[in-house]
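Report on the structure given below.
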Amino acid sequence: MARSRKSRRPVEAADPAALLAALPLDGAQAADLRESGMLDLALTHRSYSYEHDLVPHNERLEFLGDAVLQLAVTEKLYAAHPGLAEGDLARRRAATVSGRALAVIASQLDLGAYVKLGRGEDLTGGRTKVSILADTTEAVIGAVHLACGQDVSRRFVLDLMAPLLDSDEFLETSYDFKSRLQEIAAETGQAPVYEVTETGREHEKIYQATVTIDGVASAAGQGNSKKDAELAAAQNAVRALLAERGETLFPQG
C-alpha cells in the first residue's frame, strides 16, 4: 500500500497589530494607517489577489512608495553630505534603497509574516523572498503616505531606513559590488571576467570564483552558490582597487 503524503499547507498571514506596534509611527498615525485600509492593501500580494476574486493588491502602492522613499532618502543624503559629488551621492542612495537593503529592513520587522500570499507563492518560500519583502516595504511606505500625509511619510522613511543612513558598515550589507566593479572596469574599457569552479558532493558544493580585469585586477571569492562566489570575488576586487586608489567605499563629505 502506498504511503499517504502529508500535503504542505500555506501559512495564514499574521494579524498586523504587532507590525503596527513595531513601525515608527505614533498611536494616532498607526490608527489612521489601519483604519484607512491602506495597511491591509499594502500587505496584499498579487498572488493572493489572483486566488481571491482579484481583490486589490499592493503594486500601485509599491509604485508610490518607491517615489516617496527615493525623495526622502535623496533629500537626507543631500543635506547630510554637502561635500559629496553627485556620483558618490548616487551610489549611497542606490545602496540605501536597493532591494537587498529593503529586504534587510523588512526582515527586522518580520514583515513576511504579515503578507497575504497565494498558496503557491507561500509554499515556495515567498515570505522570505527578497523581491517580495522589498516590494512590500515600498507598499507600506506608500500606504503611510496616503493615510498620514507627506510630512509623516518622510519622517517614517527616515526612521525606517536609519540603520542604513547612519551606519556605513550596515549599508555595506546591501552594496552592489558587482555593479561597482563593472563601473571601475568600464574606466579601462574592459569588462570583468568571472571563472567559477566547484568542489564537494552534490548537495554540499562549495563554489570558488575568480574575477579578472585584464592587466588591472584579479581577486577570488568563495560561496555556497555560483552567485555568492562571484559576489565575494567582486567584493574583494572592489576593496583592493579602492585601497590602491586611496579611496573608500562610501566617501564622507
Side-chain angles (χ1 to χ4, degrees), residues 22-26 29 33 42 58-109 111 130-187 231 234-253:
L23 294 176
L25 297 169
D26 65 28
Q29 293 161 356
L33 179 59
N58 64 8
E59 288 188 352
R60 283 170 53 84
L61 277 181
E62 173 199 334
F63 170 77
L64 174 62
D66 174 65
V68 175
L69 171 68
Q70 293 274 351
L71 180 57
V73 169
T74 299
E75 288 181 340
K76 173 67 175 179
L77 293 175
Y78 184 87
H81 302 281
L84 282 188
E86 184 270 344
D88 292 323
L89 287 171
R91 279 188 281 273
R92 274 187 175 270
R93 180 178 61 189
T96 305
V97 304
S98 71
R100 289 189 298 275
L102 293 174
V104 168
I105 298 299
S107 296
Q108 292 182 330
L109 295 168
L111 186 60
V130 167
S131 60
I132 290 179
L133 291 176
D135 291 347
T136 305
T137 302
E138 290 180 337
V140 170
I141 292 170
V144 170
H145 185 76
L146 290 182
C148 303
Q150 181 175 349
D151 290 341
V152 173
S153 65
R154 181 182 184 280
R155 184 72 260 163
F156 177 79
V157 167
L158 297 182
D159 288 344
L160 194 68
M161 307 304 289
L164 294 159
L165 289 166
D166 297 341
S167 169
D168 286 355
E169 290 76 18
F170 197 103
L171 189 59
E172 286 183 24
T173 63
S174 62
Y175 194 77
D176 189 346
F177 284 96
K178 291 189 76 172
S179 293
R180 183 70 175 111
L181 185 60
Q182 188 79 32
E183 291 177 7
I184 295 172
E187 297 171 7
L231 181 60
Q235 179 173 337
N236 290 334
V238 168
R239 291 190 185 283
L241 286 167
L242 291 180
E244 286 179 9
R245 298 178 175 188
E247 299 176 8
T248 60
L249 198 59
F250 296 111
Q252 299 297 320

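We use all heavy atoms of the structure for the numbers below, so side chains are in, but hydrogens, waters and symmetry mates are not. In this chain, numbering begins with 1 at the start of the sequence shown.
Residues that satisfy the salt bridge (charged side-chain N to carboxylate O under 4.0 Å, His left out) test with Lys178, not counting sequence neighbours, are Glu230. Every residue two or more places apart in sequence or in another chain that forms a salt bridge (charged side-chain N to carboxylate O under 4.0 Å, His left out) with Arg155 is listed here: Asp159. Every residue meeting the side chain to side chain donor-acceptor pair (under 3.5 Å) condition with Gln252, not counting sequence neighbours, appears here in chain and number order: Asp168. Applying the side chain to side chain donor-acceptor pair (under 3.5 Å) test to Ser107 and every residue at least two apart in sequence or in another chain returns nothing. In this structure Glu247 satisfies the salt bridge (charged side-chain N to carboxylate O under 4.0 Å, His left out) test together with Arg245, sequence neighbours excluded. Applying the ring pair (Phe, Tyr, Trp, His ring centres under 6.0 Å) criterion to Tyr175, with sequence neighbours excluded, gives Phe177, Phe250. In this view, Arg91 and Asp88, Glu183 satisfy the salt bridge (charged side-chain N to carboxylate O under 4.0 Å, His left out) rule, not counting sequence neighbours.
For residues 143-152, the pairs satisfying side-chain hydrogen bond (donor to acceptor under 3.5 Å, both in side chains) are His145-Ser153, with sequence neighbours left out. Residues in residues 136-146 take part in no salt bridge (charged side-chain N to carboxylate O under 4.0 Å, His left out) pair, two or more places apart or across chains. Residue pairs that meet the salt bridge (charged side-chain N to carboxylate O under 4.0 Å, His left out) test with at least one member in residues 62-73, sequence neighbours left out, do not exist here.
Rounding to the nearest 0.5 Å gives a distance of 5.0 Å between CD1 of Ile105 and CD of Gln108. Interatomic distance, Leu77 CG to Leu84 CG, rounded to the nearest 0.5 Å: 8.5 Å. Atom CG in Leu25 sits 6.5 Å away from atom CG in Leu33 (nearest 0.5 Å). The CG atom of Asp176 lies 5.0 Å from the CZ atom of Arg100; values are rounded to the nearest 0.5 Å. Atoms CG and CG, from Leu109 and Leu23 in turn, are 6.0 Å apart once rounded to the nearest 0.5 Å. Rounding to the nearest 0.5 Å places CG of Leu165 at 10.0 Å from CG of Leu160.
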Hey, can you pull the donor-acceptor pairs under 3.5 Å for the side chains in residues 68-75, sequence neighbours left out?
from  : atom 1 : to     : atom 2 : distance (Å)
Thr74 : OG1    : Gln70  : O      : 2.6
Thr74 : OG1    : Arg93  : NH1    : 3.0
Glu75 : OE1    : Arg154 : NE     : 3.0

I'd like a table of donor-acceptor pairs (distance under 3.5 Å, sequence neighbours excluded) in which one partner is a side-chain atom from residues 236-244, with atom names and distances.
from   : atom 1 : to     : atom 2 : distance (Å)
Asn236 : ND2    : Ala220 : O      : 2.7
Asn236 : ND2    : Ala232 : O      : 3.3
Arg239 : NH2    : Glu172 : OE1    : 2.6

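Shortest non-hydrogen contact noted between Val130 and Ala103 is CG1-CB, 3.9 Å. Annotation for Gly99 and Ala134: closest pair O-CB, 3.6 Å, computed over non-hydrogen atoms. Pairing each heavy atom of Ala95 with each of Ala101, the nearest pair is O-CB, 3.3 Å.
Around atom CZ of Phe170, more than 12 heavy atoms belonging to other residues, nucleotides or ligands sit under 6.0 Å away. The neighbour count for Arg60 CZ, taken as heavy atoms of other residues, nucleotides or ligands under 6.0 Å away, does not exceed 12.
At least one donor-acceptor pair under 3.5 Å links the side chain of Asp26 to the backbone N or O of Gln29.
Considering only heavy atoms from C-beta on, Leu171 stays 4.5 Å or farther from Leu249 through its side chain.
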- Query: Could you go step by step and tell me if Leu164 and Val104 meet the side-chain contact (heavy atoms from CB on, under 4.5 Å) rule?
  - Reply: CA-CA 10 Å; Leu164 294 159; Val104 168; 5.8 Å; no

